[in-house]
Undergrad: 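After the structure tokens below, expect a handful of questions from me.
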Protein chains: 2
Amino acid sequence: MLNQVTPLDLMFQALADPSRRIMVERLSRGPASVSELAKPLTMSLPAVVQHLQVLEASGLVRSEKVGRVRTCHIDWAALQTAEDWILDRRKNWERRLDRLGDFLAEQEKG
Amino acid sequence: MLNQVTPLDLMFQALADPSRRIMVERLSRGPASVSELAKPLTMSLPAVVQHLQVLEASGLVRSEKVGRVRTCHIDWAALQTAEDWILDRRKNWERRLDRLGDFLAEQEKG
DNA sequence: CACTTGGTTAAGCATATGCTTAAGTATCGT
DNA sequence: ACGATACTTAAGCATATGCTTAACCAAGTG
């Protein structure tokens with residue numbers, strides 16, 4: 001419970017729920033309406049809308065309403081942000097392994 | 001609140017907290033003890049241990065206790081699993097773009 | 001215009017989460 | 001043996017999360 005809520009918090013939080021991941025999975029195959037997103041889920045429509053709000057708040061999904069149907073789609077740049085965080089950690093690790101390699105090579109030489 | 005909790009749920013949930021991400025970030029630079037992990041965080045030790053339990057339950061972190069110090073480290077294969085989920089979604093998307101491209105090329109030809 | 005479709009709003013509730021403090025329990029150094 | 005170190009356990013509490021139902025509204029359809 002911190003005072004600051006970062007975009008990354010919201011994204012990982014959004015992805016932490018299986019229903020929301022099903023929604024993202026569906027949207028990764030193209031835009032969809034709210035009721036299309038609801039179809040595979042065994043919960044009330046308002047519940048789906050609440051999940052959608054979490055996804056939108058995280059920036060992972062955006063939507064526009066035309067007439068009475070709201071069409072949702074993934075924001076790929078946002079999803080990239082989550083992926084990048086993980087990638088950056090691995091880079092850290094690889095840098096460390098490199099330094100270790102350098103050190104060992106130095107030992108060898110000396 | 002579903003009846004099934006998958007590893008992916010636990011991983012994204014684990015990464016959704018800034019304190020836990022700080023812990024993972026620290027561990028991405030090499031193994032650390034519990035109190036080392038606690039150092040940058042402004043909370044009690046028990047709170048840190050609870051975060052650590054979340055990270056361990058998710059599989060992202062593992063630890064062994066030797067003497068009185070518990071040493072923690074990242075399970076890189078587990079972190080890969082989270083990354084892969086995101087990657088798979090993008091693959092979905094690219095497949096879709098490919099099909100769209102094929103379709104448009106077909107239109108052109110016909 | 002009535003009816004259906006697609007979504008929205010609001011209120012309420014059970015459980016989960018993120019802390020806290022207080023009180024342990026081992027190990028290590030002297 | 002004694003104190004300090006490095007956790008560990010337990011209890012409690014405030015807030016957040018994930019649903020529900022009921023009621024509502026606005027846009028298409030016959």
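Heavy atoms only: backbone and side chains are in, while hydrogens, waters and symmetry mates are out. Residue numbers start from 1 in every chain, and the chains themselves are labelled A, B, ... in the order their sequence lines are given, proteins ahead of strands.
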Undergrad: Using side-chain heavy atoms (C-beta onward) and a distance below 4.5 Å, is B:Val61 in contact with B:Asp75?
TA: no
Undergrad: Closest to the B:Val34 side chain: C:dC19, D:dC7, C:dT8?
TA: D:dC7
Undergrad: In terms of side-chain heavy atoms, does B:Thr6 have a donor or acceptor partner in B:Asp9 at a distance below 3.5 Å?
TA: yes
Undergrad: Which parts of nucleotides 22-30 of chain C does protein reach within less than 4.0 Å, heavy atoms only, written one letter per nucleotide 5' to 3' as B for base, S for sugar-phosphate only and - for none?
TA: B----BS--
Undergrad: What heavy-atom pair brings A:Ala47 and A:Met43 nearest, and what distance separates the two atoms?
TA: CB-SD, 3.5 Å
Undergrad: Write down the atom of B:Cys72, the atom of B:Val34, and the distance for their closest heavy-atom approach.
TA: SG-CG2, 4.4 Å
Undergrad: Please determine whether any donor N or O and acceptor N or O are separated by less than 3.5 Å between the side chain of A:Gln50 and the base of D:dT20.
TA: yes
Undergrad: Between C:dC19, C:dT17, C:dG7, spot the one nearest the side chain of A:Val69, thanks.
TA: C:dG7
Undergrad: Where do A:Gln13 and A:Ser58 land on the side-chain hydrogen bond (donor to acceptor under 3.5 Å, both in side chains) test, with the steps shown first?
TA: CA-CA 8 Å; A:Gln13 180 69 351; A:Ser58 78; over 6 Å; no
Undergrad: Using OP1 and OP2 only, check whether a side-chain N or O of A:Ser19 sits under 4.0 Å from D:dG18.
TA: no
Undergrad: Please figure out whether B:Ser44 or A:Ser35 has its closest DNA chain C nucleotide nearer the 5' end.
TA: A:Ser35
Undergrad: Considering only C:dG18, C:dT8, D:dC7, which nucleotide approaches the side chain of A:Lys65 most closely?
TA: C:dT8
Undergrad: Return the CG to CE distance between B:Asp17 and B:Met23, rounded to the nearest 0.5 Å.
TA: 9.5 Å
Undergrad: Could you give the angle between the helix axes at the two ends of the helix from C:dC1-D:dG30 to C:dT30-D:dA1, with five pairs per end, rounded to 10 degrees?
TA: 30°
Undergrad: Does A:Leu60 share a hydrophobic cluster with A:Ile22, counting links as ILVMFWY side-chain heavy atoms below 4.5 Å and allowing steps through other members?
TA: yes
Undergrad: Check whether any side-chain N or O of B:His51 sits under 4.0 Å from OP1 or OP2 of C:dT17, and answer yes or no.
TA: no
Undergrad: Should the pair A:Arg95 and A:Trp93 be classed as cation-pi, given the thresholds of under 6.0 Å to the six-membered ring centre and 45° from the axis?
TA: no
